[in-house]
Amino acid sequence: MIETLLERLTPDMLLQAYAAGVFPMAPDRESLELSWYSPEERGVIPLDGMTIPRRLMRTVRSGAFTVTADRDFQAVIRACAEPAPGREETWISERLQHLYEALFALGHAHSVEVWDGEALVGGLYGVSLGGVFCGESMFSRVRDVSKIALVHLVAGLRHGGFCLLDTQYTTPHLMRLGGVGISGQRYRALLEKALPVEAVWPENFSLAALRSEIERLHPSEGIRS
């Protein structure tokens with residue numbers, strides 16, 4: 001872990017860090033400082049190994065929520081930075097948010113949004129480089145909607161030719177959906193192979209556009225929740 005000042009960081013430097021397998025976090029919303037991380041155990045979701053509880057798959061297939069991509073990146077990252085139960089402090093400082101917004105303008109950051117009518121109820125965002133997508137954060141205002149965003153993300157990455165989905169860390173929530181922990185050395189080897197891949201971020205993340213890929217993500221046998 002190395003500490004630095006955010007005011008010295010540029011979007012290009014941030015991309016170079018991700019290409020080296022390193023990502024930043026700030027201590028709080030107002031801080032101009034941040035630390036760089038490269039965990040010894042790295043979290044990933046294999047794009048051919050996602051597991052989906054049956055109830056969640058039924059919700060996804062129902063089309064009860066509208067899913068979009070890059071429609072409101074700023075609203076998603078702001079929602080991810082809001083305090084939540086068990087997460088009273090955010091690692092997404094205001095300055096760091098502006099850097100991700102700059103990456104979005106350059107086409108290297110993306111968001112997936114979940115809508116209930118005109119209300120934004122969940123979503124996620126991350127950084128893309130070549131064939132790797134580095135998931136940064138997600139939020140939910142309604143039960144399961146961040147999971148719906150993640151299902152559409154995996155389907156969209158598969159559709160666009162991506163080969164690596166980095167979740168940074170493993171959590172019980174992600175492991176329930178097929179997330180696994182691998183060594184930092186293994187992650188860097190996968191990253192090296194993924195960076196030259198010419199993947200394409202799909203413009204349409206709707207159920208209609210991704211249904212065939214979503215149908216390939218079969219529900220987990222015996223998992224009802």
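Computed from a predicted model, the values in this text were never measured in an experiment.
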### side chain to side chain donor-acceptor pair (under 3.5 Å) contacts touching residues 177-189 (sequence neighbours left out)
Asp166-Tyr187

### Query
Is it true that Leu164 and Tyr169 fall in one hydrophobic cluster, defined by side-chain heavy atoms closer than 4.5 Å?
yes

### Message
Rounded at 0.5 Å granularity, tell me how far CG in Asp72 sits from CD1 in Ile77.
### Response
11.5 Å

### Query
Taking the side chain as C-beta and beyond, is there a heavy-atom pair between Pro53 and Arg55 under 4.5 Å?
no

### Message
For a quick test of reading the model, state the closest non-hydrogen atom pair linking Cys163 to Ala194 and the distance between them.
### Response
SG-CB, 3.6 Å

### Query
Leu47 and Val154: side chain to side chain contact (heavy atoms under 4.5 Å, CB included), yes or no, with the steps?
CA-CA 6 Å; Leu47 294 178; Val154 169; 4.1 Å; yes

### Query
Any side-chain heavy-atom pair from Asp12 and Leu106 closer than 4.5 angstrom?
no

### Message
Within the structure provided, determine whether Leu124 and Cys80 are in side-chain contact (heavy-atom separation under 4.5 Å).
### Response
no

### Message
If the condition is ring-ring contact (aromatic ring centres under 6.0 Å, His included), which residues does Phe73 pass it with, not counting sequence neighbours?
### Response
Phe104, Tyr125

### Query
Which pair of non-hydrogen atoms, one from Ala209 and one from Asn204, has the smallest distance, and what is that distance?
CB-CG, 3.5 Å

### Query
Quick one: does Leu165's side chain get under 4.5 Å of Leu153's, heavy atoms only?
yes

### Summary
Minimal heavy-atom distance between Ile214 and Ala155, with the atoms involved, is CG1-CB, 3.6 Å

### Query
Do any pairs count as a ring-ring contact (aromatic ring centres under 6.0 Å, His included) and have a residue in residues 42-70, sequence neighbours left out, and if so which ones?
none

Please set out all donor-acceptor pairs under 3.5 angstrom arising from side-chain atoms of residues 17-25, sequence neighbours excluded.
residue, atom, partner, partner atom, Å
Tyr18, OH, Tyr100, OH, 2.6
Tyr18, OH, Glu136, OE1, 3.4
Tyr18, OH, Glu136, OE2, 2.6

### Query
Taking the side chain from Ser146 and the backbone from Ser140, do they hold a donor-acceptor pair closer than 3.5 Å?
no

### Query
Taking everything shown except Glu215 itself, do over 12 heavy atoms lie less than 6.0 Å from its CD?
yes

### Query
What is the minimum heavy-atom distance between Thr59 and Ile148, and which atoms define it?
CG2-CD1, 3.8 Å

### Query
Measuring from Leu99:CG to Ile92:CD1, what's the distance to the nearest 0.5 Å?
12.5 Å

### Message
Rounded at 0.5 Å granularity, tell me how far CG in Asp28 sits from CD in Glu33.
### Response
9.0 Å

### Query
Are Val197 and Val127 connected, step by step, through hydrophobic side chains (Ile, Leu, Val, Met, Phe, Trp, Tyr) whose heavy atoms are closer than 4.5 Å?
no

### Query
Side-chain contact, heavy-atom cut-off 4.5 Å: Arg176 with Thr51?
no

### Task
Flag the pair Arg158 / Asp48 as yes when at least one side-chain heavy-atom distance between them is below 4.5 Å, and no otherwise.
yes

### Query
What are the two closest non-hydrogen atoms of Ala102 and Pro11, and how far apart are they?
CB-CG, 3.7 Å

### Task
Could you name each residue pair satisfying ring-ring contact (aromatic ring centres under 6.0 Å, His included) that touches residues 105-124, not counting sequence neighbours?
His110-Trp201

### Query
When you measure from the side chain of Arg42 to the backbone N and O of Gly181, does any donor-acceptor pair fall under 3.5 Å?
no

### Summary
Value for NZ (Lys147) from CG (Leu174), rounded to nearest 0.5 Å, stands at 10.5 Å

### Task
Would you give the length of the straight line joining atom CG of Leu9 to atom CD of Gln16, rounded to the nearest 0.5 angstrom?
10.0 Å

### Message
Is there a side-chain contact between Val67 and Leu207 in this structure, where contact means two heavy atoms from C-beta onward sitting under 4.5 Å apart?
### Response
no

### Task
Answer with yes or no whether the hydrophobic clustering places Val200 together with Leu210; edges join I, L, V, M, F, W, Y residues whose side-chain heavy atoms lie under 4.5 Å apart.
no

### Task
Check Ser128 against Gly107 and note the closest heavy-atom contact, atom names and distance.
OG-O, 3.9 Å

### Query
If you measure from NE2 on His159 to CZ on Phe205, what distance do you get to the nearest 0.5 Å?
9.0 Å

### Query
How would you list all residue pairs meeting salt bridge (charged side-chain N to carboxylate O under 4.0 Å, His left out) that involve residues 113-129, not counting sequence neighbours?
Arg71-Glu118

### Same apolar cluster: Leu129 and Tyr37, side chain cutoff 4.5 Å
yes

### Message
Please determine whether residues Met175 and Leu177 belong to a single hydrophobic cluster, defined as Ile, Leu, Val, Met, Phe, Trp and Tyr linked transitively by side-chain heavy-atom distances below 4.5 Å.
### Response
no

### Message
Is there a side-chain contact between Met138 and Val112 in this structure, where contact means two heavy atoms from C-beta onward sitting under 4.5 Å apart?
### Response
no

